[in-house]
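Only one structure is covered here, and it is reproduced in the block below.
Both ligands and their constituent atoms are indexed starting at 1 by order of listing.
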Amino acid sequence: MSKGRGKPLVLIADDDAATRYVCSESLRHEGFFVLQAANGAEALDLCTTKVPDLVLLDVEMPEMSGYAACRAIRATDACAHLPVVMVTSHDDRDSINLAYEAGATDFIAKPISWPLLGHRLRYILRSARNLQSLCETLDENRALMAALPDNIFVVAYDGTIVEHLRGDAAPVFDRGQQVAGRNLADVVPDDIRQQVQDALRQLDRAGGCLAIEYRDPSPADPDRWYECRFVDHGASRALAIVRDVSERKHTEARIHRLAYFDPLTGLPNRAHFRERAALALEQQGDVAVFIIDIDRFKRINDTLGTVIGDETLIETSRRLRSLAGQLKREFAVTVPDLRVELACFGGNVFAFMLAGRIDGIDLASIAARLGQHLSQPLFVGGHEFVVTASVGVARSPQHGDTVDALTKNAEAARHAAKSEGNNSQRVYRSSMNSGNQVCLDLENELRRALETDQLRVHYQPKYVAASGELEGAEALLRWVHPRRGEIEPSVFVGMAEEAGLIGSLGAWMINEVCGQIRDWRSAGLKPGTIAVNLSGREFIVGDPFRSIDGAVGRAGISPGDLQLEITETVLMSDIRSVMAALHRLHDAGFSLAVDDFGTGYSSLRYLQRFPVDVVKIDSSFVRDIEHDPNSRSICTAIIALAHGLGLEVVGEGVETAGQEDYLRHAGCDVLQGFRLGKPMAASAFELMLESGRRKGGSQGRPATGLLVPH
Ligand code: C2E
Ligand code: CA
Ligand code: CA
């Protein structure tokens, strides 16, 4: 019904005036407005100007027949959907067909039953209105679907594509443009064909909604993901909605990466490792967990900077990956089900897991290989250096039957390894169980030790190689624990660095040594130059110059009485303040020695840039001097190069006559080691100084025949 009219408007087109009259009277009586046309042309004109709600069109009219008029009315924009009822005197099939072909909505045969006409027309109007609103809904739906970026297929449950609405963002499966009429299964990428067929079958059976996700099959776009969602559409049809879900997939992948992977190395994190190890434990039974800790990593970070620190961790992860690959190849035959998993637990701690029939694998030797593999020289940011790793291992079922127990015990083994010095590996033993706790306790106890006089200084003499005269001593810290006895500095110095206690420890040490030198000197003894070890951390967290210079000043000794030992990594640091502190110390008259030389960097050129006076050849080279030609050539090279730079060379860790001889003949200036004198308490060193004085002149090394210098 046209808006505002209230009653429906019917146009009666008939050339017979009497029929028109009766018809309009009858319809007015039934509550219709009526318009009349005497021929086809007039009817067409009224249709476009007045737009009635329904047209009653006589088939037989002169000039323009009812059929022609109907076609003309349908052809106008305004009346394309107008209900047109043909009034025909023939009720034969042909004329009815002709009426429909001309676009008629319905027909009424003459003679017309006047009492029923109104009802009939009302019924036709109602279905026309329903049809109209259906068409509008369809148009709306179509517009909506067209506005979506998705590709929408209307499919029959056998897969036939009834209609395809192409969205602009999502792709059509790349099988040609025209897909309507084809089967959806023939249009989708091969990988998901079966899934599509199954989905349609399931939808047909149970209705509802199903989705399949798949990757773009074109190799050019492997990062693009689509979702094909099937929705039951009623009337034995389904909608298949294909949508580009790449963004969601990428976000999901990012969240997954963040939740499950270490961002720096890209290795699985602790949570992920836990899941994988639990799965391996469930599926494969035998699992070994290795926990790996890069030794003294803090020192790398502090002295070389975090960029180099990060690179070191990344390189470590690469090495672990390569070892994982090697092991898989090696055990391909003997342990075909071998599974290797890696993880980074954050910071400098890594995990390595072996699962499968691993009873034949020697875990201690794998741990040793991990250590070896990681201690190959590193080339990072123009620096060459070596890192070592402490490794602890635990395996199921002997050391635990859950991932947490295995990890915890492997950690305990790693702690035990670390307490034995760097670059150690240990398989778990139950006695290690409280390892972590021991460490924490020790840390607290070290704080107390600083206040309660549990620390001591031992002095290890150093001798001039050529003359055998006492050159001085190296001061070495000792912790005499009231219950545990003497604790190695390699255990507690690292701990003090990590616990932020190294500043106090260093300050205590330097005060103690300065006071001792003052006492000896005022007693007329000549202890030579006393070397004190400085931790790299001391340069970072405080100003070593201030505390050292202060201690020397308070004791009233001269800076020349002290030598400060620093390791190569401290020199390597690009931190300006370290360089400035070294210069300040050197300018003030302290002599500087590079400790453990040869272990960190293979190049001596760094030495040129620093104000150092002494190089101490690392004891590992001295140890192997007698049987390893390589160590011999390293020692000779260090001596020659250091002398070339005007530096003095100290050989450390001299234990045998052979080592002593070799170093002396190679031109090493000063010797230190158990063979010449072990570290001793201050009182013992004092006795040595006194006996030297009694003998007159300079203190030589204890004459034991064999030990007399040549
Ligand atoms: P280091 O500076 O390389 O000290 C030399 C170490 O070698 C000492 O171990 C010494 O006892 C040992 N040694 C000397 N001669 C021989 C020998 O002939 N054979 C063998 N096998 N060893 C020998 P120690 O006293 O256990 O010290 C270990 C490390 O702890 C030191 O290595 C040093 O890095 C650190 N340390 C010691 N005292 C201090 C300190 O006061 N401050 C700092 N920051 N570190 C210290
Ligand atoms: Ca030293
Ligand atoms: Ca050393």
Shortest-distance N/O/S atom, Glu474 versus the Ca ion (ligand 2):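 Of all N, O or S atoms in Glu474, the Ca ion (ligand 2) lies closest to OE2.
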Using only N, O or S atoms, tell me which atom of Glu565 is closest to the Ca ion (ligand 2).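 The Glu565 atom nearest to the Ca ion (ligand 2), restricting to N, O or S, is OE1.
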Using a 6.0 Å cut-off, check whether atom CZ of Arg456 has over 12 heavy atoms from anything other than its own residue.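 Result for CZ/Arg456: enclosed.
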Just by distance, with hydrogens left out, do Gln398 and Arg395 show a side-chain donor and acceptor under 3.5 Å apart?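 Gln398 vs Arg395: donor-acceptor pair found between side chains.
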Do Ser390 and Asp293 pair up side chain to side chain, a donor and an acceptor below 3.5 Å, judged on atom types alone?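 No, because no side-chain N or O of Ser390 sits under 3.5 Å from a partner of the opposite role on Asp293.
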Is a salt bridge present between Glu474 and Lys462, judged by a nitrogen-to-oxygen distance below 4.0 Å?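 Salt bridge absent between Glu474 and Lys462.
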So, Arg632 and Asp624, do they make that salt bridge, N to O below 4.0 Å?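 Not counted as a salt bridge, because no side-chain N and carboxylate O are separated by less than 4.0 Å.
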Protein residues near ligand 1, heavy-atom distance below 4.0 Å?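 Residue list for ligand 1: Gln460, Glu474, Leu476, Leu477, Arg478, Pro489, Val493, Met509, Asn533, Leu534, Ser535, Asp595, Asp596, Glu652, Gly653, Val654, Glu655, Gly673, Phe674, Pro679.
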Min side-chain heavy-atom separation Phe352-Val393 under 4.5 Å: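 Heavy-atom side-chain distance check fails, nothing below 4.5 Å.
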Is any side-chain heavy atom of Phe492 less than 4.5 Å from a side-chain heavy atom of Leu501?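 Heavy-atom side-chain distance check fails, nothing below 4.5 Å.
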Which angle, to 10 degrees, forms at the Ca ion (ligand 3) with OD1 of Asp596 on one side and OE1 of Glu652 on the other?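 So the angle at the metal works out to 110°.
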Testing Leu476, Ile548, Val513 for side chain to side chain contact (heavy atoms under 4.5 Å, CB included) with Val532, which one passes?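 Only one option passes, and that is Val513.
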Quick check: of its N, O or S atoms, which one does Asp595 have closest to the Ca ion (ligand 3)?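 The closest N, O or S atom of Asp595 to the Ca ion (ligand 3) is OD1.
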